[in-house]
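Following: one structure in structure tokens, then a few remarks.
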Amino acid sequence: MTLRSVIIGTGSFLPAKRVSNAELAERVDTTDEWIVERTGIRFRHIAGDDETTSTLATEAARAALESAGVEATSIDLIVLATATPDQTFPASATRVQTALGINDCVAFDVAAVCSGFLYALQVADSMIRAGAHRRALVIGAETFSRILDWEDRATCVLFGDGAGAVVLQAQESAEQGGRGILATRLHADGRHNDLLYVDGGPSTTGTVGKLRMKGREVFRHAVVNLAAVMSETLEVAGLSSADVDWVVPHQANARILDATARKLGLAPGKVVVTVDQHANTSAASVPLALDTAVRDGRIKQGDLIVLEAMGGGFTWGAAVVRF
Ligand code: COA
């Protein structure tokens, strides 16, 4: 028997405010054509004044719990991936915990920017397989609109706010091909800090800071790293790209999605794309895309899915999951 973490529910949440490229073009010197051609993005959702990362996360978690058909109080672990926490401390995961009415469980945040959900998933999976926890909420949630420089057209058009969540459950599996997280792989290379970062922080400037990016160089690294980590993770699982039913990638840029799929020889029809509707929601993007494809009926129980992401640091990773 093998102990595995099985995804038993998914959920997501988007702020009500939806902003088109044309609306952005009224604020900065850009056009709908430029944004669509270079990125594939058409809309993004932006958090209202009364919304924070933890409120978005809580709604996504509620939806995931409902789809799993389990009570919040049965959760014994919350791992929340975010680069835009409500406060420097305590962890936003503890705010989600309280909002869900859970009085005692392990709850903490993971910071790996756009790869955050993959990092959080591996952490939760390891804790479950070690036998320490039985049922976990793994959440990616962000309010990147709060750290964007709204004067910088090269970055402010690319990001949006949102949250996605999954419920993981410990399950004994006798079969080799059974459901659950089959393999995960993570990487980081801190030498590239200056290509994608926030120019503030509690121990440097004492301010929150704004996002800065050298987009062209990030693009180049992303395609190479993502294709490599997907191949590596499939190999660890003893599988190949021919076995994959769906890739659920980090939604940064439609051209990165196309180039990565081509490198792996995957048909574009097997790639879940939501970047046109949500833009880049950082740690939220993978669970948000997963929930979208589960709810619209594309991803079904038993499908082999590959999750992948790359973000600031650089950090990157992938997970192979029998859904
Ligand atoms: N509207 C119109 N023009 C814009 C623009 C915008 N929103 N943003 C940048 N430009 C201009 C630039 O000023 C530049 O003009 P110049 O040639 O006169 O100097 C021109 O477009 C080309 O800029 P460049 O940055 O070289 O464009 P690009 O083809 O690399 O596309 C990105 C820019 C950001 C879309 C692309 O590099 C990208 O997607 N990178 C990856 C970013 C990413 O995914 N990051 C997150 C990873 S987690």
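Note that the numbering runs from 1 along the sequence shown for the chain. Computed from a predicted structure; not experimentally measured. Start at 1 and go down the list; that is how both ligands and their atoms are numbered.
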Using a 3.5 Å cut-off and no angle test, enumerate the donor-acceptor pairs between side-chain atoms of residues 97-107 and protein atoms at least two apart in sequence or in another chain.
unit_1: Q97; atom_1: NE2; unit_2: I102; atom_2: O; d: 3.3
unit_1: T98; atom_1: OG1; unit_2: T94; atom_2: O; d: 3.0

Kindly write out the residues that satisfy ring pair (Phe, Tyr, Trp, His ring centres under 6.0 Å) with W316, not counting sequence neighbours, or none if the list is empty.
->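 Counting only residues at least two positions away or on another chain, W316 forms a ring pair (Phe, Tyr, Trp, His ring centres under 6.0 Å) with H187.
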Using the test ring pair (Phe, Tyr, Trp, His ring centres under 6.0 Å), find all partners of F159 that sit at least two apart in sequence or belong to another chain.
->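 Per chain and number, F159 pairs via ring pair (Phe, Tyr, Trp, His ring centres under 6.0 Å) with F144.
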Between the side chains of S92 and T53, is a donor N or O closer than 3.5 angstrom to an acceptor N or O?
->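 The criterion, which ignores hydrogens and geometry beyond distance, is not satisfied for T53 and S92.
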For A289 against Q251, the heavy-atom pair lying closest together =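 It is CB-NE2, 3.8 Å.
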Could you go through ligand 1 and list every pair where one of its N or O atoms sits under 3.5 Å from a protein N or O, giving the atom names and the distance to one decimal?
unit_1: ligand 1; atom_1: 1 (N); unit_2: T30; atom_2: OG1; d: 2.6
unit_1: ligand 1; atom_1: 3 (N); unit_2: W34; atom_2: NE1; d: 3.4
unit_1: ligand 1; atom_1: 7 (N); unit_2: T30; atom_2: OG1; d: 3.1
unit_1: ligand 1; atom_1: 7 (N); unit_2: R153; atom_2: O; d: 2.9
unit_1: ligand 1; atom_1: 13 (O); unit_2: R153; atom_2: NH2; d: 3.0
unit_1: ligand 1; atom_1: 26 (O); unit_2: R216; atom_2: NE; d: 3.1
unit_1: ligand 1; atom_1: 26 (O); unit_2: R216; atom_2: NH2; d: 3.0
unit_1: ligand 1; atom_1: 27 (O); unit_2: R38; atom_2: NH1; d: 3.3
unit_1: ligand 1; atom_1: 29 (O); unit_2: R38; atom_2: NH1; d: 2.6
unit_1: ligand 1; atom_1: 29 (O); unit_2: R216; atom_2: NH2; d: 3.4
unit_1: ligand 1; atom_1: 30 (O); unit_2: R216; atom_2: NE; d: 3.3
unit_1: ligand 1; atom_1: 37 (O); unit_2: G215; atom_2: O; d: 3.2
unit_1: ligand 1; atom_1: 37 (O); unit_2: R216; atom_2: N; d: 3.3
unit_1: ligand 1; atom_1: 39 (O); unit_2: N253; atom_2: ND2; d: 2.5
unit_1: ligand 1; atom_1: 40 (N); unit_2: G215; atom_2: O; d: 2.9

Do H278 and F43 have ring centroids that are under 6.0 Å from one another?
->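 Distance test on ring centres: not under 6.0 Å, no.
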